[in-house]
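Worksheet: one structure, shown below.
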Protein chains: 4
Amino acid sequence: MGKRSEETRQAILLAATKLFSKKGYEAVTMREIAKEAGCSHTTIYLYFKDKISLLQQLSMPSLQHLYQQLKEISSDESIASAEKLKAMSRQYLSFCLENQNMYSVFINARSGRVDEENPSLEVNQIRNMIFKELINAVSECLEIKDSETALAYTRIYYYSLNGILTTYAYMHESVEELMERLTPTFDLMAETFILGCIEKMKKGES
Amino acid sequence: MGKRSEETRQAILLAATKLFSKKGYEAVTMREIAKEAGCSHTTIYLYFKDKISLLQQLSMPSLQHLYQQLKEISSDESIASAEKLKAMSRQYLSFCLENQNMYSVFINARSGRVDEENPSLEVNQIRNMIFKELINAVSECLEIKDSETALAYTRIYYYSLNGILTTYAYMHESVEELMERLTPTFDLMAETFILGCIEKMKKGES
Amino acid sequence: MGKRSEETRQAILLAATKLFSKKGYEAVTMREIAKEAGCSHTTIYLYFKDKISLLQQLSMPSLQHLYQQLKEISSDESIASAEKLKAMSRQYLSFCLENQNMYSVFINARSGRVDEENPSLEVNQIRNMIFKELINAVSECLEIKDSETALAYTRIYYYSLNGILTTYAYMHESVEELMERLTPTFDLMAETFILGCIEKMKKGES
Amino acid sequence: MGKRSEETRQAILLAATKLFSKKGYEAVTMREIAKEAGCSHTTIYLYFKDKISLLQQLSMPSLQHLYQQLKEISSDESIASAEKLKAMSRQYLSFCLENQNMYSVFINARSGRVDEENPSLEVNQIRNMIFKELINAVSECLEIKDSETALAYTRIYYYSLNGILTTYAYMHESVEELMERLTPTFDLMAETFILGCIEKMKKGES
DNA sequence: TATGAATGAGCATTCATTCAT
DNA sequence: TATGAATGAATGCTCATTCAT
């Protein structure tokens, strides 16, 4: 429980976050992480069972933090529903840009192998909770009552968000720069989406 | 440049395409490709400098083929503009699902290393050409004259498409199954998008 | 199928045999074997799937050869039954001394883990066949008809043989030296055993 | 040399004995021993130079205890000489089964490395003393005067004992189960041996 | 053109051991 | 006396790549 211990742990976590984000989970080696963290590679195993466990422990707090932030926006009654959806989306976007690796591994569960052998329930759970918040926001914004419809529209909105991400995420720019560049596109997307949904539902009714 | 030579080259290309698509670039070994191609793994090096080079050379024809298909749809005057956009999108989707690996490596240039060391100009070029076709289709469909506006709207449409892809691409289902599952979502997305854009532009004008 | 290939394979086999015998399976590393064989450790994997597979492939021919030798003695009608048993025993002894590692790993299946995960059926099969030959020889020699009794006596004879082995096997002497030293002990043992069995059975009958 | 100190030492010794017996020397880690002993793995190094040293120090008392037990039986004049031999043998057998690891490492000095680097004189000494007790028991039982003859017969008896052991020792059964299974075989062996020796000596005399 | 043989660099992981407190 | 923190050396194994023919 010494101070030294926690420092090292944090150094490893920091190094891993940085490297995973930059190069992707598979491409990073334990020795690289150790070097970046300024310790021996065996030291990592003092704090984390194995490589995948390191990734998971590294991801959970971030995801939980994101979820908290979304919840907060969601429950803030002073914001109009359309603005709420936008605010949540922006939060989601900037989180994903900041945590590129987690994004690709967990949000999209890209790296097949990982989730097959390792259900990583915790991560999937929080992912579903985040998606549920999004459904709520979309339902509220579009005044949808039917849950099937809400799901369908949220899905395409969610895909659009992720589409923006995958296209920009790999770029070697700072999060700030990226957010600045992305904002107009994102705003247009959100507005178009909302208008499109309303229009589409009108037609469906008649 | 005998006949035999070209046959072997094609066999390798075919095998690599198949395996990369199925398992992803990293997960496939040169020996596997050779086995599938029915030659020795050393033979591959006669035709391709290294593994990454194989991937690149392998991608170009596919991309060119996709481009041709899109052009054909684009220049077919018998199809209504909205249907044209949808048809092109479906073509794009099924191409990406069929070539999951190229998709992730080239369309999105996801895997950092690749594009750092190797600008892969050719690939980027064709990628831009494909995007231009999409801009045309969107412009036509939404009757946009201004190229800036066209770009902005196409962008969000393109992101939405890619968003659908990244979310589904990793799933271990056949392309047919995936296309069937995706079609309703995709149709809803396309219609919502078109309606949304029209509505948005109306508002912008007034 | 080149000449080089078989040479290397044999070199590896030779090196492994030598090292396994000297230090035991677990204590020998693939790198050591490679060094002794004069090749890279990766080369070993060209010829043998993994370490355990190397051990098995290395053992089978020897065991088969031993079995053939025992069969030959067994079916030689010109030898008296007591001499036959002795001859077979001597063959078994010298085989085990020459192949110390196989002896400990397979005949006694000492290294628990190995045979749990890997039934190594082949090896167990031949081991049982060898034991069966021994039962025949003992039965013939002691004129035992009942198979239960034959088994019981063979068992204690077999244990005695192995007892001699385990006690001497580890010594760093040549097989010839060992055999010379062991022969009187072994002869005494065999004779005592035969006499003892006969006497014991007499008593049992009365 | 406080009381605490000796307690810890004993705890380590106890833990190591238990684990070595159960899993074998190589398979046990210092951390495991420490956990079982309820101390830090670094503490072990306060009391024992290294792992092998721990094994050696741990074995001596056990061997000494075995020796004492054998002496007691040996000097008990109320038991007939044949029964004495059997009783001592059974003691030896159950000791070896209970201490599989010590048995293989020290009695038979199986694991090459150990005795090369470390003559472990103490252990060999006690081993010889135990063997001498066995010679006495055999001499008495067979009424042998000549020490050469006594040695020869004891040797084959000892080998038979060890042969039984090596064949059964590796099995994953409890000592009780094993002893039960082994007793008939062992009794038959002992009786056959005694009868055989007597018979053999008769012949030798005439 | 083609390939079997061979290899160096690298991987995640484990372990006995030492250092600093 | 005791220990948490840290590590170097090693292990089995894989892979893209090169060499010699």
Side-chain angles (χ1 to χ4, degrees), chain A residues 1-9 26-34 37-54, chain B residues 1-9 26-34 39-54, chain C residues 1-9 26-34 37-54, chain D residues 1-9 26-34 39-54:
Chain A
M1 248 189 282
K3 195 190 163 193
R4 190 70 198 284
S5 173
E6 193 51 28
E7 261 172 37
T8 307
R9 200 190 127 92
E26 303 272 8
V28 174
T29 73
M30 295 300 259
R31 277 174 164 84
E32 264 180 303
I33 297 170
C39 69
S40 162
H41 65 280
T42 52
T43 302
I44 300 178
Y45 291 93
L46 251 44
Y47 299 94
F48 306 94
K49 195 182 151 287
D50 49 24
K51 199 182 171 187
I52 191 67
S53 174
L54 171 55
Chain B
M1 245 195 278
K3 195 189 164 196
R4 186 69 202 287
S5 170
E6 191 51 27
E7 259 173 38
T8 308
R9 201 190 126 90
E26 302 272 8
V28 174
T29 72
M30 294 300 259
R31 275 178 159 83
E32 267 180 300
I33 297 170
C39 69
S40 162
H41 62 281
T42 51
T43 302
I44 301 178
Y45 291 92
L46 252 45
Y47 297 94
F48 306 93
K49 192 180 152 285
D50 51 24
K51 198 183 172 187
I52 191 67
S53 172
L54 171 55
Chain C
M1 246 191 282
K3 196 189 162 193
R4 191 71 200 283
S5 173
E6 194 51 32
E7 261 172 37
T8 307
R9 201 190 128 91
E26 302 273 8
V28 174
T29 74
M30 295 301 260
R31 279 171 166 85
E32 263 180 303
I33 297 170
C39 68
S40 161
H41 66 280
T42 52
T43 302
I44 301 179
Y45 291 93
L46 251 43
Y47 298 94
F48 306 93
K49 195 182 150 285
D50 50 24
K51 198 184 173 188
I52 192 66
S53 175
L54 171 55
Chain D
M1 247 195 277
K3 198 189 161 195
R4 187 69 205 288
S5 169
E6 192 51 28
E7 259 172 39
T8 308
R9 199 190 127 91
E26 302 273 8
V28 174
T29 72
M30 295 298 261
R31 276 178 158 83
E32 266 180 301
I33 296 170
C39 70
S40 162
H41 62 281
T42 49
T43 302
I44 300 179
Y45 291 91
L46 253 42
Y47 299 94
F48 306 94
K49 191 182 152 285
D50 50 25
K51 198 185 174 187
I52 192 66
S53 171
L54 171 56

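Here is how names work: the chains are called A, B, and so on, in the same order as the sequence lines, proteins then strands, and each is numbered from 1. Everything numeric here is computed off the predicted structure, so don't read it as measured data.
- For A:Tyr45, the side chain to side chain contact (heavy atoms under 4.5 Å, CB included) criterion is met by A:Met30, not counting sequence neighbours.
- Dashed line: the shortest gap from a side-chain N or O of D:Thr8 to OP1 or OP2 of F:dA2 is under 4.0 Å.
- Evaluation of the side chain to side chain contact (heavy atoms under 4.5 Å, CB included) rule for C:Ala34 yields C:Cys39, C:His41, C:Ile44 as partners, not counting sequence neighbours.
- For C:Thr29, there are no side-chain hydrogen bond (donor to acceptor under 3.5 Å, both in side chains) partners at least two apart in sequence or on another chain.
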Quick one, give me the B/S/- string for nucleotides 13-20 of chain F, reading 5' to 3', where B means a protein heavy atom under 4.0 Å from the base and S means that only happens at the primed atoms, P, OP1 or OP2.
BBBBBBB-

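- Here B:Leu54 contributes atom CG and B:Arg9 contributes atom CZ; the two are 9.0 Å apart, rounded to the nearest 0.5 Å.
- Atom-to-atom, CG of D:Leu46 to P of F:dG4 comes out at 13 Å; the value is rounded to the nearest Å.
- Residues satisfying the side chain to side chain contact (heavy atoms under 4.5 Å, CB included) test with A:Thr42, not counting sequence neighbours, are A:Ser40.
- Between the P atom of F:dT1 and the OH atom of D:Tyr47 lies a distance of 6 Å, rounded to the nearest Å.
- Residues D:Tyr47 and D:Ser5 approach most closely at OH-O, 3.3 Å, considering heavy atoms.
- Among the atoms of the strands shown, none is found under 4.0 Å from any heavy atom of A:Phe48.
- Look at CD on A:Glu6: it is 10 Å from P on F:dA5, rounded to the nearest Å.
- Both C:Ile44 and B:Thr43 sit near DNA chain E, but only B:Thr43 has its closest nucleotide nearer the 5' end.
- Remark: DNA chain F forms stems of 3 or more consecutive Watson-Crick or G-U wobble pairs, all pair distances under 3.5 Å, at E:2-21 with F:2-21.
- For the pair A:Ser40 and F:dA6, the criterion of a side-chain N or O lying under 4.0 Å from OP1 or OP2 is not met.
- When side chains are defined from C-beta on, C:Thr8 does not count as touching C:Leu46, because their heavy atoms never get closer than 4.5 Å.
- Here A:Ser5 reaches the OP1 or OP2 of F:dA5: one of its side-chain N or O atoms lies under 4.0 Å away.
- In this structure, D:Arg9 atom CZ and F:dA2 atom P are separated by 13 Å, rounded to whole Å.
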